[in-house]
Amino acid sequence: MRAILGLALLIFSTLGLISLLLGEWAPAVGLFALSIGALIPLMRRGSQRIQHGRLTLFALNSLFVIGSLVCVHMLIANRQWDADFTEGGRQSLSPLTERQLRALPLDVQITAISADPVEIRPALERLARQTGRLRYDILHPTRDQIGIRSLARRLGIVNPRAGAIILETSDDRHRVMEAADGLDFVFDEQGWVNALIQLTRTEQPRVVFLLDHGEKNPDLDLVALRSTLQTLAFQVSAGATQSIPDDTALVISAGPVRDFTAADIAALQRHADSGGSVLIMLEPPLGVGNVSAPPLTNLERWIENQGVDIAEGVIAEDDPFVSDQLRITDHRSPLVSRVNDSHPITSGFNPHETLLLMHGAKALDVGDGDGSRERTIENLMITRSVHTWLTPTLSEIQRGDIPSARSLERRAQAVGVAVTSHMPNGAGMSRLVVLGDSDWISDPWMGHPLLSDGALRIARGAIGWLVQEEDLVAIPPRTPPTTTIAVGPLQRRLMSVLAVLLIPELLLALGIWLVIARSEDERERRLAPMALALLFPLCLAVGIFSLGYGLTIVAVLALLCALVLCPLMTVSGVTAEVKRLSLMVSGAVLIISLLIWVFPSLRSLDVGAGRVHPLSPIAMASLDRDVDVALIDSGDTRTESLMERLSPLTPHLHWQTLDPNEDIETIAGIAQEWDIAPPEPGSAIVMGGSGLRQGPTAAKIVPPSADEERWVNALIDIGRRNPTRLVLTSGHGERDLSTEMFNLERLFLQLGIEAEQRPLEDGLVADVIMIAGPTQDFTAQEINLLNEHVERNGSIIALLDSPIASTVRNAAAAGSVTPLPNLTEWLENRWSLDIPEAIIIDDDPQLASSNLRLSPIIGVFDPTNPVSARTAADITATNSPLMLLESRPILIRNTTLQPNQDARVIMATQSSAWAESDLNMLLQGDPVPNDRPKMSLSVAVAARIHHPDRSARLLIIGDSDFATDARQQRVLEMGLNPLPMQRLLRSMLGWVVPEGNRVTFADPAQRVALGSDLQAANARHRARTALLIALLLLGATGLSLRRGRSLIPITTAIVVTLPLALWMSQSSARGPEFGQQESIIAIPRSQITEMTIMQGEEVLSLQRQGTSWRLPDGRMAQGADLLSRALSTRMRHSVQPTPAGPILDALGLEDPLVILNLVESDGSETTLKVGDIPGRSHRRLWAQVEGEDVIFTLDDSIATLLRRPLSRWQTEETP
Amino acid sequence: MLRWLPIFKRELRASLTSPAVCIFLALVMTLLGVLFNRIFHFFTEAQGDPVIHEHFFGGKPLNVNDILIHDLMGVVLTLLVFSVPFLTMRMMADERRSGTHDLLMSYPLRERDIVIGKFLAAWATVSVLIALSAVHVALVWWVSQGRMEIAPVVIAYVGLFLAGGGFVALGLFTSSLTENQLVAGLMSFGLLLLGLMVGSMTPEGTGLVSSLLHGVDIHEHSESFFLGVLRVGDATFFILMMLVFLHLAERVLVIRRQGVLR
């Protein structure tokens, strides 16, 4: 035995050593474990008892088996025997990548600096599994500081940030890949492989950008493209056409505005003849008055000789997607809708998922060429045929000269053509790509978050193809297809019922059946487990779900069953009859609850809802035009419930619910009519301005939400004729709205604020002026305009960065950043502020350890101000701080506050901050001085200047970074929630827009009861009373039965509950009165003696005889209903509060469908005309009492009766 | 050859006709249903809300397989960690507590047959739980109008079944160590929870300790299955887990029969 053990020890340790030497640590561990397993019994020789021997054998045996299994696993696990079953193998690396990785000529060490390696580690592992030459390590940005510093020192990298990926080769070359703005690196197979290849290969193709024809400069206008090329290991240079170096692989002319000379053309041709490639991106003159731009005759002729025809004019478009979703409304930005999938440049590019937009493009086509070469010419991509056409200049569009939707002028336009020219005698080939536009790849457009991906993908593809290295750059992205799931309300409900209730209940029923089957007890006793196990969870689940969906009464009933009746059935003293009754009641409630839950129409039974925020009635009363709301049903009834509560507050709100499956055509019709994208289930379309004198039309989509504040503001935005107008200043280096603050722009859209970024000029009229991060000062004239704006009670949002921060960031330009003396002086003097030129540094150790000292923690909030109170609540709710960056203090100068002014600090830092103004200290990176007094510094102030009618408002914050997309994205990448920042922007807008225009609920949870419908309110009271009585009585009954059928508890319950119930049912509903309605015709019913109904040319007269109505021939008619309905018809909205006059069609109304003439006993006549209001999404009627000034809109309750064919009145009556 | 069959039949019958198991399955399915509805809600919300899309799904394309099915499988796996100890804790421990262990050992069966029979029965019961989750997958398939890739779903289920087998083997082993069901359940639950979380608690990198700890991370080994990739290394991990713990359970029975352990 010992010999065997010794032999095993020898073999295992030797193999382990060999594995270790080979770098295969895993088998080595297993083998060493086996060695130890063999060693232990050897060391215990001679002293073991029998038990020890067996235990040792057990340990030995187990170790041997486990070690062997681990070894087998390790050997298998390192093999590449994987099978990817996803579509297109998207979870695996492409074969091209695998080939490139296996062919790596050098060892590569990848070091990733990441705080959250969830994404990076699998990616690195995936790469490392392909080749033994690649190893990786992941360092935490704060925990592995020593390792990072050591790496940085060794490679000479300055301050590597989180998100950096450092690639090192065995021959001491290295490369750092950093995501923009320090974002965590996202695995981009193409980018990573390219970076690896770039690092390990020696030859770098040269790319030359031409500049001598006014082309875009790679260092100024095409920085993104240049960076991409450099990432792909190209040598990038710029120069003149006639000095193209011989070794140039690719010449790029991006947007030439001057023509090529003959010598330039000759140089270009020489380059092409030598096998070089050319990429030409045309740039048509776009300015409306710029039609006299010199034609590019020589260049265009050369291109045509290569086989690419160029059409006259510019491509125009009227694509609603471009204007609605991308917010580009200049009609010159066609989207590419189809690509040539067989061409390497565009292969695998899906323009429906990845947008590619041209901006002012020439139309191209495949031509014949000059015949000097054998050429292969292919179209690459075309625009959308129904939305694009060619126009000579853009002036036509501005004049409204747009071809009709069915015009033949509208057709797809090619915007890219690729040409391969084969040299004579097979001496190689040259390639040319011509694109109709050069803006698409320029930096301003690359900043658009929806457009950059497509542009980069096509640019990479084109360049890879042109330099004949498709393999290098054209790894198509392996993104999974997006699956859009549109769930109808019924589907959603069924899913909930099936997943949460039905399957578990079936299992539960099975369990109970098993219990019952096994039980030998009497039948009654089986009720207990039945009740507890089956009914209790069902009722409880229905109750809880119903509460969540706002179905209060259903919830109360179901919970009553769960908490009272089900336990009652388990009480041993309760009689079998009571138990059976409880079982039946619970079952009935359950069935009714489920029915109500599944069928929304039954929900009108629910009288539990009906409270609104105290500000909602005031806000809704301010609507001055009709608002139509189309709710796309998603099964969530909370929005409907909210609409039910809001609609009594104003006669202007009309809403309907549409089923996304059944009302497809209606929804599509509304979307088309209002020119908006079809909304998703759960969202709603809010439409305004659709009727007479209703102001300009406006519509918006409200995403799924039952947030009352959001809805009230959405209704205000659409229901007022004058929406809020906001001007974001420009011309002083401010943040750009479309490229830097896309989220804010989206917020403006959501809130219905008409926002525009433009310079301050005379005649500017705005409700709010927003100044976001200016770096240059305002002129005296502009300051005057600001003053005028304040005098007009306009509001101002000022987001001011610290000028010191700009200087620190750009140390080379120190002194060039102006401290904005005019603007700060105006703010200080006009609003009694003090705005020092300093930067806030927070000495909190937590921030210092993570290099965030310039991002002070905001720790003080004014609870009385809605902006700061809401922000504080958001910070608490999300557990994420408000991350300002390099902010400046904003102080209040109390001594200069005028009587008509007030100012409050609304947000301030925690007390570990100080304001640093020592520029030198910051620039030189000196250690933190200890002598600075630490204190809480104000960073945001809300100020008002009160005028007799209203007040002007200023909200100033010492930072503008938080409003930018990059900062919010950065916060997200740090694992924090950007919601406080986003909501701060929202609250700010709510506070500064003109009073009454918007509503901000300081305490959104506060609610008041609506008194608009006293009957409903009383019904609610009665229902609650009934429930309370039922509860108490049931409880008391249970107690009575439990305690030997004593009548004392039930008698007590009755004595206590009855007076209480009586008091509750008598108490009237509280709350203000809203939405008073009045009848259109104010005539006592008893005085009507004759009634005539006219439908077109048909006339029917009815005469009263006592209490009945008779036809002219004496037969009885059912006129009472009609009269009753006509007299009780109430107006919903006055269309025309001023005299309407006789001309209906001038108001857009059609002739009346029905005229009802009523004759009173004194012979006086009243005529009511009722007609359709045409062209709206849902049916409404107009009505006018002849001779009166007012035209009303009606709901169509009377219409059904009035439209009843007159012949039916005559035939249905009984004599 | 099939000497384990009677044990398997007896245990399977006992499991499937146990009201406690049915009620437990109902509870787990309720939980799964609620979580599934939650995931589904976020998925559909993310389609129209970029903030939710970014925050919950990192801005990744909203693919029904890569997100919805993947997350659902993750939930099922987590529920297995909680439920398998409940289903396995009594298998060996209860025999000893009730005194039927000695009777069982008196049968003409090897320890291996007992272990295999009990293991397969428990695995079959767990498989019922796993299979029930297919209803949710079917619901996804229904609402996505068939735009769901079936092959990756099958692979995900292969992963779940293998993981379930590994979990059952571990549960069986802990159950064989003690006669107290609760202790056995808590032991296996603790070990499984540790296995599920060890990866997230381990520093990253290719170092020995890091690799070892990541190597036993259940979550990492199941991830490839849920994404639709059949990785042999991950499959062998779960098979290995089964073999190791079954072997250990058998060894415990053997030395217990020999009277070394009580």
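Being a predicted model, the structure only gives us computed values, none of them experimental. Just so it is clear, the values below take in all heavy atoms, side chains as well, and ignore hydrogens, waters and symmetry mates.
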Sidechain-backbone polar pair: B/Glu149 side chain, A/Glu87 backbone, donor-acceptor under 3.5 Å: yes
Stepwise side chain to side chain contact (heavy atoms under 4.5 Å, CB included) check, B/Thr44 with A/Glu680: CA-CA 9 Å; B/Thr44 48; A/Glu680 294 296 321; over 6 Å; no
Part of B/Phe24 within contact of chain A (heavy atom distance under 4.5 Å): neither
Taking every non-hydrogen atom, the tightest pair across A/Leu510 and B/Cys22: CD2-SG, 3.6 Å
Top of B/Val244, B/Leu240, B/Val28, B/Asn65 for chain A proximity - count of heavy-atom pairs under 4.5 angstrom: B/Leu240
Interchain contact, A/Asn977 with chain B, by part (heavy-atom threshold 4.5 Å): both
Nearest-0.5 Å distance, CG of residue B/Leu132 to CG of residue A/Leu507: 5.5 Å
Part of B/Leu16 lying under 4.5 Å from any heavy atom of chain A: backbone
Closest non-hydrogen atom pair, B/Val232 against A/Asp82: N-OD1, 3.7 Å
Straight-line distance of B/Asp66 CG to A/Thr86 OG1, nearest 0.5 Å: 7.0 Å
Side chain to side chain contact (heavy atoms under 4.5 Å, CB included) assessment of A/Leu498 paired with B/Val135: CA-CA 9 Å; A/Leu498 200 66; B/Val135 175; 4.3 Å; yes
Exceeds 12 heavy-atom contacts within 6.0 angstrom, atom CZ of B/Arg112: no
Over all atoms of both residues, closest heavy-atom pair of A/Pro504 and B/Met29: CG-C, 3.9 Å
Per-residue contact mode, B/Leu31 against chain A (heavy atom under 4.5 angstrom): neither
Atom NE2 of B/His219 with >12 non-hydrogen neighbours under 6.0 angstrom: no
Proximal component of A/Leu506, with respect to chain B [non-hydrogen, under 4.5 Å]: neither
Region of B/Leu25 in contact with chain A, defined by heavy-atom distances below 4.5 Å: both
Distance, nearest 0.5 Å, that separates CZ of B/Phe36 from CE of A/Met495: 3.5 Å
For B/Leu139 against A/Ala499, the heavy-atom pair lying closest together: CD1-CB, 4.4 Å
Closest non-hydrogen atom pair, B/Val229 against A/Gln91: CG2-CB, 3.4 Å
